[in-house]
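Quick notes on the structure that follows.
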Amino acid sequence: MRKGFMLLLLVVIFTLSACASSDNEPNGNAGNAQYSAGSDNQEAEADAGAANDAEAQGEDAASGGGELIVVDQNIAASLDPVQPLTSSYLRKIGAAEALFKVNAAGETVPELAEEATQVDPTTWEIRLRPGATFWSGAAVDADAVIASLERSRANDAQAQPFLAELTLEKVDAATLRVTTSRAQLPVPLNLSYYQTVIHNAGQAHDSVETMDLTGMYRVTAFTPKQSMELARNEHYWGAAPAIERIVYEEVADEQTRVLSALSGRSHVVYQIPVTSMPQFESREDVEISAEPAANTQTVYLNLSRPQLADVQVRQALAWGVDREELVIAAAEGQSTPVTTWLGSNPAFAEAKNAVYSAYDPDQAGALLDDAGWMLGEDGIRYKDGEPLQLRLMTWGQDQALGEALQSQWGRIGVQVEVQHGDYSLIQTARESGDWDASIEAWSTFGEELTLLQGQYAPEGSGNYGGYNDEETNALLAQLAEAADQQSRRELTLQINTRVAEQAPVISLYPRPQLTAVSTALQGFEPHFRQFEHIVHAGLTLAAR
Amino acid sequence: MLKTTLLRLLEALATLLCATLLLFLLIRIAPGDPVQILLGRPGEAGVTDTAMQERQAAELRERLGLEDPVAVQYGRWMERLLRLDLGESIHTGRSVGAELAERLPATAALALAALAIQLALGLGLGIASALRAGGMSDQLIRIVCVVLASTPAFVLGLGLLLVFAVRLGMYEISSAATLARLWLPAATLGLIGAPQLIRVVRANLLSEFGQVYIVAARARGLGRGRLALHALRNSLASIVTVAALSLAALISGAVVIESLFAWPGVGKYALDSIMLKDYPVIQGYALVMIALMIGLHLAVELVYALLDPRIRRQGRRIRHDAV
């Protein structure tokens with residue numbers, strides 16, 4: 001029997017080894033009246049230069065190419081750019097392009113467009129880049145662009161916010177006129193979102209063979225929600241990318257993504273959890289890019305709750321937050337504090353710490369005393385016999401943040417209960433009105449009026465707490481009527497400050513976006529919208 | 001036997017019908033709105049227009065029939081089921097049946113490989129443990145069983161990934177469903193499921209070893225190996241039950257392991273759909289899994305009859321009695 005047992009053990013070991021060994025291959029947001037391709041050309045030249053450098057160094061780059069492996073939490077479920085989120089994945093991986101793009105400084109620059117000129121407050125003219133073609137060789141002309149955007153408008157609900165107020169017409173083969181239903185709408189910004197990628201509307205986009213986009217890489221194989229393979233588009237209008245092939249894979253589990261980065265197989269791994277930072281500290285073959293995103297981790301307060309209806313209580317909560325400590329405790333130090341909502345938008349960097357410039361628990365205590373919430377012997381504040389307490393709802397990776405806030409607010413006498421769960425629980429609680437506070441991170445990059453109205457106008461979909469302030473409303477109305485960029489900017493900053501002072505929400509820090517990047521990959525560029533800016537012509541792969 | 005089988009089939013059909021109603025209701029009671037998820041929260045887009053968002057959501061709900069009363073929605077689903085149509089995914093717009101069919105082979109391959117490992121370990125270590133009951137190796141096997149049974153699947157899976165993918169570089173973390181990537185998730189599932197089978201084999205063999213026929217065989221000088229084979233034959237019914245239940249659990253419950261190893265099977269598909277509140281996919285997946293469970297249970301009963309002549313005789317006796 002002992003022999004039999006040993007034999008069985010040997011068979012198992014042999015089988016496992018055999019299996020294993022076969023598998024080792026490894027803002028100017030809106031203000032610029034003219035958007036020209038100059039900066040973009042410089043970028044393209046820089047990309048090409050990087051590729052040439054790599055080639056000169058004898059690395060496996062422009063001449064031979066190599067294979068870039070990108071791992072993400074999710075990839076596309078279809079190939080049609082008008083299906084939900086598909087265009088975001090196609091753009092991220094270099095297969096699709098829009099008329100414009102946003103650079104790392106938050107400026108809108110041309111991509112498939114050559115330039116955009118604002119003719120009057122409601123009219124823009126966009127000249128298309130000469131020589132740009134789809135993968136099929138068909139020209140990217142005015143007809144093709146209009147057909148693409150109209151198809152997105154008709155079929156992609158997520159494209160509606162960017163296209164609903166635009167009317168498109170052809171001026172000539174290389175120029176289109178865009179009329180807006182609202183004055184001073186930043187058309188180039190609207191046409192920079194992934195929902196507006198330009199695709200050949202005459203094609204079916206239901207298979208690798210029938211899809212037709214413009215990117216520097218074309219899709220050669222695709223399995224929904226599993227993997228996508230891409231090869232260099234040999235007829236690309238811009239600088240030819242150095243890397244020959246890309247494999248784009250979905251690994252949904254965050255710990256597995258971390259291990260994928262640590263195993264050295266993947267070159268770029270998106271959405272690394274902050275809690276995994278220590279695992280990368282001693283590694284020399286992989287680095288973490290932690291560019292802050294243009295969104296703000298924000299505590300939304302339910303202003304219909306009696307204790308939170310008092311502005312002094314809300315201000316006390318804002319003063320009582322040690323944001324530096326939060327960044328360390330909940331984001332492993334991979335972010336920077338912001339005290340106003342727009343502070344995470346690179347175009348409004350000066351608004352970062354405009355209000356609540358320092359952690360001040362004494363000021364918080366004084367405000368609560370003024371509001372009648374007196375400290376009890378148990379360390380909790382009371383008013384009319386009622387304790388000052390709130391229930392803070394968190395979801396996703398925000399539990400640690402909730403607990404850190406619980407501790408900090410506890411120090412000023414506020415009793416906080418953290419309730420962590422699925423996002424749908426927060427939605428349900430909001431619908432029923434049974435909530436005190438919740439944490440959310442909205443994008444702060446976009447057209448200022450729409451963003452601020454969404455958050456702070458009484459009917460705004462992000463105005464969860466029911467904030468309705470006369471002065472803010474008046475400023476929003478002025479912003480809607482503002483005729484020039486300078487006054488729009490000043491009004492935007494005023495609204496941002498006013499809201500921070502009234503504290504219907506408490507801004508904390510931009511949610512960190514961690515990307516693991518192999519040191520074998522050169523030319524990686526951090527971007528505040530990393531999710532759609534990874535692949536460019538200047539990326540090169542060194543031999544490992 | 002035929003009558004018993006028909007009776008079981010009728011019971012299975014009734015169970016399936018009840019299950020459809022229950023899972024349809026439970027999915028709709030759960031919080032979350034598939035339309036809001038499909039449209040994306042306005043904050044993610046950076047543009048907020050409440051009126052437009054609400055109008056789009058209402059249009060989409062109308063188009064998907066989600067505004068109809070639940071009874072109407074259920075009736076519509078049942079009508080499609082009778083045509084063997086599981087509906088279309090809200091998220092991808094593709095046929096749920098087709099999407100499940102694409103992923104089932106990967107899950108089946110994983111489940112069968114894991115079952116093979118479970119059986120190899122269960123029989124090998126179970127027999128070894130029974131033959132040396134109370135000895136050093138028996139104690140060791142029992143300790144290993146306790147450790148494995150109390151280790152969560154994701155801990156073992158991550159541990160194995162760390163060793164084989166990161167430390168040894170013997171395993172590739174990717175999303176492909178290839179034979180070369182099968183062994184580690186299969187080993188994880190096999191190791192997690194093996195303790196139950198080891199214990200069943202050991203307990204049954206020890207029980208059989210006390211039987212008169214084994215004592216007699218031992219008195220006639222039969223070796224331990226032959227004795228174990230005789231005893232094993234009489235324990236097969238229990239072992240088959242555990243193995244069949246394991247297979248059912250492996251097919252329907254490998255969600256965590258599939259997600260952990262990025263194995264593109266139905267478990268991962270179901271998990272994604274739950275996150276997206278994709279009703280037709282969740283319903284379709286659950287229904288197929290329930291049908292599979294019922295089918296496996298029926299198959300086990302048939303195998304019982306083949307393995308145990310007493311059950312066949314009992315069936316005949318029932319028939320004679322009825323006559």
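So you know, we letter chains A, B, ... as the sequences are listed, proteins then strands, and number each from 1. In this text the structure is predicted, and so the values were computed from the model without any measurement.
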Quick check: are there more than 12 heavy atoms from other residues, nucleotides or ligands sitting under 6.0 Å from [atom1] of [X]?
| X | atom1 | result |
| --- | --- | --- |
| B:Glu62 | CD | no |
| B:Arg28 | CZ | yes |
| A:Phe222 | CZ | yes |

Worksheet entry | Salt-bridge criterion met for B:Lys268 and A:Glu250 (N-O under 4.0 Å) | yes
Going by heavy atoms in the side chains, are [X] and [Y] under 4.5 Å from each other?
| X | Y | value |
| --- | --- | --- |
| B:Ser259 | A:Asp253 | yes |
| A:Lys225 | B:Pro264 | no |
| B:Glu172 | A:Ser263 | no |

Fill in: chain A contacts, top residue of B:Leu60, B:Leu182, B:Thr92, B:Ile173 (heavy-atom pairs, under 4.5 Å)
B:Ile173
Worksheet item: What residue in B:Ser174, B:Ala262, B:Ala177, B:Gly157 has the most heavy-atom pairs under 4.5 Å with chain A?
Response: B:Ser174
Worksheet item: Is there a donor-acceptor pair under 3.5 Å between the side chain of A:Thr256 and the backbone N or O of B:Leu260?
Response: yes
Worksheet item: Does A:Gln226 reach the main-chain N or O of B:Ser175 with its side chain, forming a donor-acceptor pair under 3.5 Å?
Response: yes
Residue [X] versus chain B: region with a heavy atom under 4.5 Å:
| X | result |
| --- | --- |
| A:Thr428 | side chain |
| A:Glu249 | both |
| A:Asn463 | neither |

Fill in: Max heavy-atom pair count under 4.5 Å with chain B, selected residue of A:Leu259, A:Asp80, A:Ile75, A:Val251
A:Leu259
Worksheet item: With chain B, which of A:Ser424, A:Ala77, A:Ala457 has the greatest number of heavy-atom pairs at distances under 4.5 Å?
Response: A:Ser424
Rounded distance [0.5 Å steps], [atom1] in [X] versus [atom2] in [Y]:
| X | Y | atom1 | atom2 | answer |
| --- | --- | --- | --- | --- |
| A:Leu85 | B:His91 | CG | NE2 | 6.0 Å |
| B:Arg167 | A:Leu262 | CZ | CG | 8.5 Å |
| A:Gln255 | B:Leu161 | CD | CG | 10.5 Å |
| A:Asp206 | B:Arg94 | CG | CZ | 10.5 Å |

